[in-house]
Amino acid sequence: MKRRNLKTKFIFVTGGVLSSLGKGLASAAIGALMESRGLTVTFQKLDPYINVDPGTMNPFQHGEVYVTDDGTETDLDLGHYERFTSARMGSKNNYTSGKIYYSVILKERRGEYLGGTVQVVPHVTDEIKNAILSVAGDADIAIIEIGGTVGDIEGLPFLEAIRQFRLDVGKENAIYIHLTLVPYIRTAGELKTKPTQHSVKELRAIGIQPDIILCRTDRFLPQNIKKKISLFCNVDEDAVITAKDVDCIYEVPLVFHREGLDNKIIELLNIWTREPQLKAWEELVYKIKHPQDEVTIGIVGKYANLKDSYKSLHEALMHGGIANNAKVNLKYIEAEDLEEGSTQELLHDVNGILVPGGFGSRGIQGKMMAIQYARENKIPFFGICLGMQLAVIEFTRHVVGIEGADSTEFNSNTTDPIIYLMKEWYDFRTGRVEKRDETTEKGGTMRLGAYPCKLQKGTLAYQAYKKDEIFERHRHRYEFNNAYREQLIRHGMTISGLSPDGELVEIVELKDHPWFLGCQFHPEFKSRPMEPHPLFREFIKAALNNKTS
Ligand code: GLN
């Protein structure tokens with residue numbers, strides 16, 4: 001790769017000491033600061049694992065699968081990037097080692113390396129560098145986050161590639177930011193810099209000298225500690241930044257700014273910008289910290305004890321709270337714990353019930369009981385994807401009276417497949433007619449990405465969006481079976497959102513209920529702290545009303 005005249009400057013974010021220090025959030029917050037200075041930003045997450053994409057990975061291990069408008073299944077950090085900035089993510093913004101190697105191997109098979117020996121350096125590293133370049137576009141700043149922790153075997157090709165990258169584009173066009181941990185050891189009464197020193201040593205051993213060190217700690221670092229880190233790690237003293245724990249993630253950009261991070265970045269990258277405009281962030285944080293009311297939402301799910309599996313959902317509910325000046329308490333309820341007799345006990349103290357998306361049959365019974373409880377007791381209910389499908393099944397069984405109604409996902413022999421694999425449908429995103437049946441492979445057959453949906457006036461959905469047409473992101477295989485549509489409508493279900501050709505049922509509601517809505521898409525992926533999603537805003541509002549009524 002030759003040194004090029006690039007418009008974009010690159011910020012590489014690596015992590016050391018241990019995982020879960022919040023590299024994704026730190027990258028997103030850096031993006032927010034750059035945007036607040038009037039720069040345009042984009043992001044890329046480089047994940048060292050061999051899976052080609054995270055679509056088939058277990059949320060237990062990896063957290064939520066985030067879906068972009070273009071239908072890419074990505075790492076959940078892309079959700080942070082979209083929530084903190086106006087950058088929009090897609091297939092170029094997430095690469096795994098698997099995706100890189102896959103493309104190198106395909107090229108080798110096609111003979112593109114002309115019989116040469118294909119090696120990690122330069123072939124894999126070139127592939128990585130090209131992936132990094134491909135994301136830049138017109139952005140002023142591209143923030144490239146390297147997954148994993150420095151020292152992992154898997155991460156080496158990525159680190160080698162970003163080392164070369166700076167050599168290719170020049171010092172003023174690329175900087176390295178390293179996130180480490182500075183623990184406070186109570187028995188010694190001291191902050192310890194040794195883990196940071198070791199981690200930076202590791203990074204320098206592969207040829208990367210960090211320009212800025214972000215130190216995750218529980219308190220602000222005193223100057224003598226910064227001095228020590230500066231000396232031992234060979235960085236400027238004002239490049240040692242405290243990344244203090246915060247109560248609310250939206251405070252991170254403000255903390256970083258107070259520590260001088262954005263100033264240091266633009267100094268190192270030699271760019272001139274206006275002072276950052278952070279008023280909106282300050283107001284947002286003030287609002288979050290001074291709620292006027294509070295509400296409790298019960299989330300009945302399968303991964304209830306692993307909050308990362310519902311990352312975007314969690315955030316979207318918080319955003320709904322912000323829109324209503326209310327604090328939202330989340331009560332995660334394991335669906336399998338709900339059984340005959342325990343519904344009342346587990347759900348009596350919640351003001352609203354939400355059943356999120358999911359796959360497979362485990363926990364279905366419990367979720368359905370929660371839905372029935374919400375419907376009969378007039379508790380605001382929000383069903384997302386699988387949650388909507390189960391709401392339809394529950395209604396068909398208990399209100400329409402078709403006891404055998406089911407989804408073919410859990411019961412392939414059901415007499416009444418109210419949720420099923422649609423044999424043929426027009427795909428508005430690709431413009432093709434899609435076909436599928438039980439034999440279509442796992443992974444590639446989902447309806448993925450942003451699809452248009454027409455809203456019917458006079459419904460809860462229309463009241464929320466106040467628009468005739470919306471675009472929302474999908475990730476599912478099964479659909480509402482139109483053979484039952486008229487019957488359900490006759491019994492009091494409203495179909496308030498449909499695909500433009502009227503074939504795919506996207507939103508259902510109940511009339512005789514304060515707020516009961518299920519949607520086939522995942523609205524949580526498009527909610528932002530500054531622009532709370534209309535459905536979450538209205539759901540929280542209904543839950544607040546339920547409290548007082
Ligand atoms: N398992 C259901 C389907 O594939 C729902 C998926 C989801 O909730 N994301 O249609």
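Worth knowing before you read on, the calculation uses all heavy atoms, side chains too, and leaves out hydrogens, waters and symmetry mates. Numbers here are sequence positions counted from 1. Order of listing sets the numbers, starting from 1, for every ligand and every atom in it.
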Exercise. Between F480 and I495, is any pair of side-chain heavy atoms under 4.5 Å apart?
Worked result: yes
For this session: Kindly indicate whether a cation-pi arrangement holds for K467 with Y465, taking the cut-offs as under 6.0 Å to the six-membered ring centre and within 45° of the axis.
Result: no
Exercise. So, is the end of the R447 side chain (NZ or CZ) under 6.0 Å from the ring centre of Y451 and within 45° of the ring's axis?
Worked result: yes
Problem set entry | Ring centre gap for F536 and F382 strictly below 6.0 Å | yes
For this session: For S20, check side-chain contact (heavy atoms from CB on, under 4.5 Å) against everything at least two apart and list the hits.
Result: none
For this session: Indicate yes or no: at least one non-hydrogen side-chain atom of V300 is less than 4.5 angstrom from one of L354.
Result: no
For this session: Check each protein residue for a heavy atom under 4.0 Å from ligand 1 and list those that pass, ordered by chain and number.
Result: G357, G358, F359, C385, L386, Q389, E409, R475, H476, R477, Y478, H522
